[in-house]
Amino acid sequence: MTTQPLLLAGRLDQLREQSATVRHRQFRRLLEECERYRGIALPAEHPRESITYFGPAAANLALAFRLTGQQHYLDELRRWVAVPVSFPHWGKAHMPDHDLDAGWLCHGLSLAYSWAGDALPDDERAALRDKLILQGTRLYEFALASEGDWWSSSFWQNHNWICYAGLATAGYVLAGEHPAARDWTERAKRNFDTVLELMPEDGSNCEGVVYWRYGVPWIASYLDVLKAAEGIDWFPRSPYLRETFWYRLYQAAPDLERIVDHGDCHDRRSGHSTAFYYKLAAEYRIPQAQWLANRVLDDFFWREAYESGVKPGVRPEAYQELLWYDPEVPEQNPESLPLGRVFPDLGLVVGRTSWADDACLVSFKASPGGGHKAWEASQRMAVEKGWTTLNAGHHHPDAGSFVLLGHGSYLAVDEGYSNRKRAEHHNSVLVDGQGFVNEDRYHVYKGLAHEHTARIRSASVGDGWVHAVSESAAMYPPELGVRQVDRHLVMSPRGTLILVDELAATEPRTWTWLLQTDNPAQPTGGGEWEAECGSARLRITAVEPEGSVDDVVATPIAANPTSSTPSLAIEKVQHTLRRATEPTTTARYVTVLEPLPWNEQAISRISVRATARDVVVDIERDGDREIVAFQLNGKDATEALGAGPDIAGDGFAAYSVTER
């Protein structure tokens with residue numbers, strides 16, 4: 001039997017001992033997952049769908065056998081290994097041998113080969129070894145041949161991380177018997193060396209929460225095998241991994257179970273990785289990550305396991321939960337953390353009214369494709385090397401858009417997942433009915449010139465207030481002559497959202513303001529609408545401009561989330577409130593969105609004082625009064641407020657008072 005099993009060397013006795021004590025919960029999860037495999041019928045031929053699930057299943061069974069020595073785990077492992085070994089290719093519908101199926105299986109089956117060792121019958125062990133050599137060679141040769149294109153050099157993309165992590169794992173396990181595999185590990189090392197240099201320091205992810213949980217853990221998987229195989233610890237050199245838990249936490253819905261669904265998201269419940277939370281807690285001593293991992297296991301795990309649209313999903317991560325859990329990391333809930341946070345690279349500003357389940361939350365974003373660092377680096381490499389490195393197909397044309405949740409419901413929503421991405425699917429602004437340049441395709445940022453960038457110009461978060469200003473004029477087709485699309489956004493301590501949109505073009509244009517909701521907004525008169533949202537409702541008050549042409553339309557969204565499973569389809573219909581001006585060179589929208597409990601009856605009194613450059617919005621409801629002042633030129637707004645502010649920032653000041 002292999003004397004130094006990868007990731008287990010020097011740990012086996014401790015893991016066995018702790019399986020009855022501090023790791024009992026994780027050990028039980030591993031065994032339960034392995035018991036599940038007994039009832040799964042395996043295909044005799046490669047299905048058209050993805051076969052990624054074979055990889056972690058083999059790893060789970062091999063670890064259970066290695067820890068317990070029980071023969072039935074080895075017998076089941078042999079059944080699960082025999083099937084992918086018999087397939088002539090790994091992957092069928094999309095890029096056989098050269099993409100995700102191959103990466104997942106190289107990782108999981110290589111661990112199984114290392115962990116089971118000589119316990120496998122000689123002929124089966126040789127067959128697995130030879131299959132791993134074949135598949136690793138195919139993957140490596142594709143990476144060489146496609147350098148500068150697709151995942152081989154897509155340093156910010158989940159396909160890159162998965163395929164290179166799988167290749168490295170196979171290389172480390174096989175190098176003693178197949179010396180050429182050392183080329184695989186060196187190639188992967190060079191790749192991840194670049195990845196760690198290029199990832200944003202704020203920990204954000206342009207692909208959104210769902211692909212964060214699907215892809216980013218593979219960076220940790222690679223660093224884990226690198227450390228085990230070569231004694232090189234790259235965890236301390238990664239500010240991205242050190243900060244990325246905060247991105248995930250602040251993109252959690254107030255109930256922490258669901259998500260903020262910027263980017264391609266299969267659904268609103270796919271987002272947790274208990275194993276990865278444990279790893280981040282262990283490497284960076286983050287007590288909130290340890291707490292969230294256990295909260296998921298206590299309250300969220302099984303619902304996500306059965307409802308998630310992401311495969312293989314959370315259940316097969318059992319082996320990593322056990323290996324990555326550090327019982328010495330303390331737990332701490334997030335209640336002492338700030339309510340808001342800014343992620344400058346992605347241009348993401350997030351705030352919530354509290355850490356309670358029924359809190360209100362806003363998530364507002366504006367950046368170039370992939371985020372600022374990826375945009376600049378990819379443009380530079382395109383010029384210097386002729387490489388295409390930014391494959392940000394999961395990043396939507398959503399600069400200047402926002403998501404609003406409150407009272408347990410999604411109020412102003414994102415489209416989720418779509419094949420043909422458009423700004424009109426978001427809470428955005430259209431110009432003469434058009435969205436962003438070269439949109440209406442899957443990868444809307446592919447081939448765009450450097451000047452097509454958006455940004456968050458300023459942000460202020462504190463005392464329960466959130467304020468940010470986005471600039472996204474450069475994202476529209478140049479022939480429209482758009483000079484300004486600036487959105488000033490404020491969320492108050494009670495969750496009221498105030499928006500001021502400044503719009504300008506060189507020629508008269510029709511400006512259409514969009515709000516997306518799950519259910520159609522119903523007009524209630526006087527420039528007001530209400531959208532029902534289950535446990536909540538959203539009251540919409542249009543303050544400016546007067547005389548807009550308003551309607552509510554159904555907006556269908558369709559997607560096939562993975563080319564490896566062509567039959568998987570997502571279809572939904574969201575509803576769009578549209579407010580359009582007559583053609584004009586300049587326009588300004590002032591809008592108030594009020595999240596309310598579904599049975600809230602209190603009437604709001606909203607007044608506005610406005611000049612060309614000042615807007616003061618005064619909102620009173622049920623004895624609570626909130627006043628927000630904007631200086632649209634970015635200057636001090638406290639004078640326009642007329643009182644001492646709770647908070648002030650660039651072009652913004654606000655205060656709240658209870659007048660009961």
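Small disclaimer: the values here were computed from a predicted structure and weren't measured.
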(request) Could you tell me whether a side-chain N or O of Arg242 sits under 3.5 Å from a main-chain N or O of Gly203, the two making a donor and an acceptor? (result)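 Not confirmed, Arg242 side chain does not pair with Gly203 backbone.
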
(request) Using atom types as modelled and distance alone, determine if a side-chain donor or acceptor of Ser152 lies under 3.5 Å from a backbone N or O of Asp149. (result)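 No.
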
(message) Which label fits Phe630 and Phe652: parallel for a plane angle under 30°, tilted from 30 to 60°, or perpendicular past 60°?
(response)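 Ring orientation, 0 to 90° scale: tilted.
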
(message) Students often mix this up, so state it plainly: with edges at 30° and 60°, are the rings of Tyr164 and Trp151 parallel, tilted or perpendicular?
(response)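 Taking Trp151 first and then Tyr164, their aromatic rings stand perpendicular (interplane angle over 60°).
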
(request) Sequence neighbours left out, what passes ring pair (Phe, Tyr, Trp, His ring centres under 6.0 Å) with Trp218? Give chain and number order. (result)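 Checked Trp218 against ring pair (Phe, Tyr, Trp, His ring centres under 6.0 Å); matches are Trp104, His107.
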
(message) Suppose the criterion is side chain to side chain donor-acceptor pair (under 3.5 Å): which pairs have a residue in residues 409-418, not counting sequence neighbours?
(response)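 Every side chain to side chain donor-acceptor pair (under 3.5 Å) pair that includes a residue of residues 409-418, provided the two are not neighbours, is Tyr211-Tyr417, His396-Glu415, Ser409-Ser535, Asp414-His426, Glu415-Ser418, Glu415-His425, Glu415-His426.
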
(request) Using only heavy-atom distances, determine whether the side chains of Gln574 and Gln516 contain a donor-acceptor pair under 3.5 Å. (result)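 Yes - a donor-acceptor pair under 3.5 Å links their side chains.
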
Centroid separation [X] to [Y] less than 6.0 Å:
{"X": "Trp324", "Y": "Tyr319", "answer": "no"}
{"X": "Tyr445", "Y": "His395", "answer": "yes"}
{"X": "Tyr250", "Y": "Trp355", "answer": "yes"}

(message) I need the single residue from Asp264, Asp398, Asp440 that forms a side chain to side chain donor-acceptor pair (under 3.5 Å) with Lys421. Which is it?
(response)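 The residue from Asp264, Asp398, Asp440 that satisfies side chain to side chain donor-acceptor pair (under 3.5 Å) with Lys421 turns out to be Asp264.
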
(message) Other residues, nucleotides and ligands only: do more than 12 of their heavy atoms fall within 6.0 Å of CD on Glu328?
(response)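 12 or below, so no.
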
